[in-house]
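Counting starts at 1 for both ligands and their atoms, in listed order. In this text, all values refer to a predicted model and were calculated from it rather than measured experimentally. Only heavy atoms go into these numbers, but all of them, side chains included; no hydrogens, no water, no symmetry mates.
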Amino acid sequence: MAGLGVENGTAGLLQTPSAVRELSRDDFDGFTMRRGGTILGTTNSGDPFHYPMPDGSFKDRSQEICDAFHALGVDALIGIGGDGSLDILSRLSTQGDIKFIGIPKTIDNDVGLTDFAVGFDTAVEVATEALDRLQPTAASHDRVMILEVMGRDAGHIALSAGIAGGADVILIPEIPYSVDHIAKKIRNVKEEGRNFALMVVSEAVTAQDGEKREVVYHGGETRYGGIADYLAPQIAAATGFETRATVLGHVQRGGSPNHNDRLLAQNLGVYAVDLIAKGSFNRMVAWQNREVTDVDIQDVVKTCHTVNVDGTRVHTARALGISFGDQ
Ligand code: F6P
């Protein structure tokens, strides 16, 4: 089976000629699996159904992508991405009658119907290591350290890294908090004789006014960011601890993937090709109950996998004495 790689996601099919290149076994030598990012490039902006044009207007360019795909003369499309990308690709595949297989890949781990998406585990490892590095300096300076992590509207990275990295407080978008409850927990830590505390906050946690903090980038694109800096002075005022904020940012998305992500990617990739060989389409490969399986892509895009607030990890965290700032 030969393959073509589309460069820069859907943007590659909006170029003339389409930005594609042949993929061969040489592309998958021992170095590829050790690399973060993508060898084909990607985009996470420019929704083809509402595409920003240079004059400031928006245009539906979806049919151009479907036509460009069919012009390649390939049998099927494998799309690798998070919930937004899979949603766009599944809509394109319906509209353009494209035989589609999705592979979940996002550090946010918010794709429905799969326990894990590729990239999540490595991001948790990076965030956990950040807490390991913040702990000694927190202890040396008698400080509260707040680590802001990515995850979009799902708190998976904050929750897992917070537990693994020994946080005292974990704030996730799924559980409303109050500064008073956080301060109570940190004062308890102090009363018990500890001179520092660690907090992890997920980027989409809201401020007290109910709004998410955002950063506006050049060109007007907005992304979540800034909640740790927003909280730090309030925590300092409420606890008397010097408080510092660290925004972990894109280091969570780079570097060499860990062994779990490598194995997950390899398992999902092989299964995706098997599905195509079997003639089974419009599915997403998924990791469920220690196995690779496949699910209807339409069911995936209807589901958002946020943190189950009644689930094991939240229960475990509470039992360990970690506060979610809600009581
Ligand atoms: O969806 C992955 C993600 O890393 C989010 O966790 C984060 O909010 C966003 O992408 C950042 O996007 P960008 O790389 O465009 O700044």
Exercise. Does the side chain of R313 come within less than 4.5 Å of H156's, by heavy atoms?
Worked result: no
Exercise. Do side-chain atoms of E242 reach the backbone of A236 as a donor and acceptor pair under 3.5 angstrom?
Worked result: no
Exercise. In order of chain and number, which residues sit within 4.0 Å of ligand 1 by heavy atom?
Worked result: N44, I107, D108, M150, G151, R152, E203, R223, H250, R253
For this session: Flag the pair D229 and R213 as a salt bridge only when some basic side-chain nitrogen lies within less than 4.0 angstrom of an acidic carboxylate oxygen.
Result: no
Problem set entry | P104 and its side-chain contact (heavy atoms from CB on, under 4.5 Å) partner, picked from V118, D115, T114 | T114
Problem set entry | Side-chain heavy-atom pair I297, R283 within 4.5 angstrom cut-off | no
Problem set entry | Pair K212 + E214, salt bridge at N-O below 4.0 Å | no
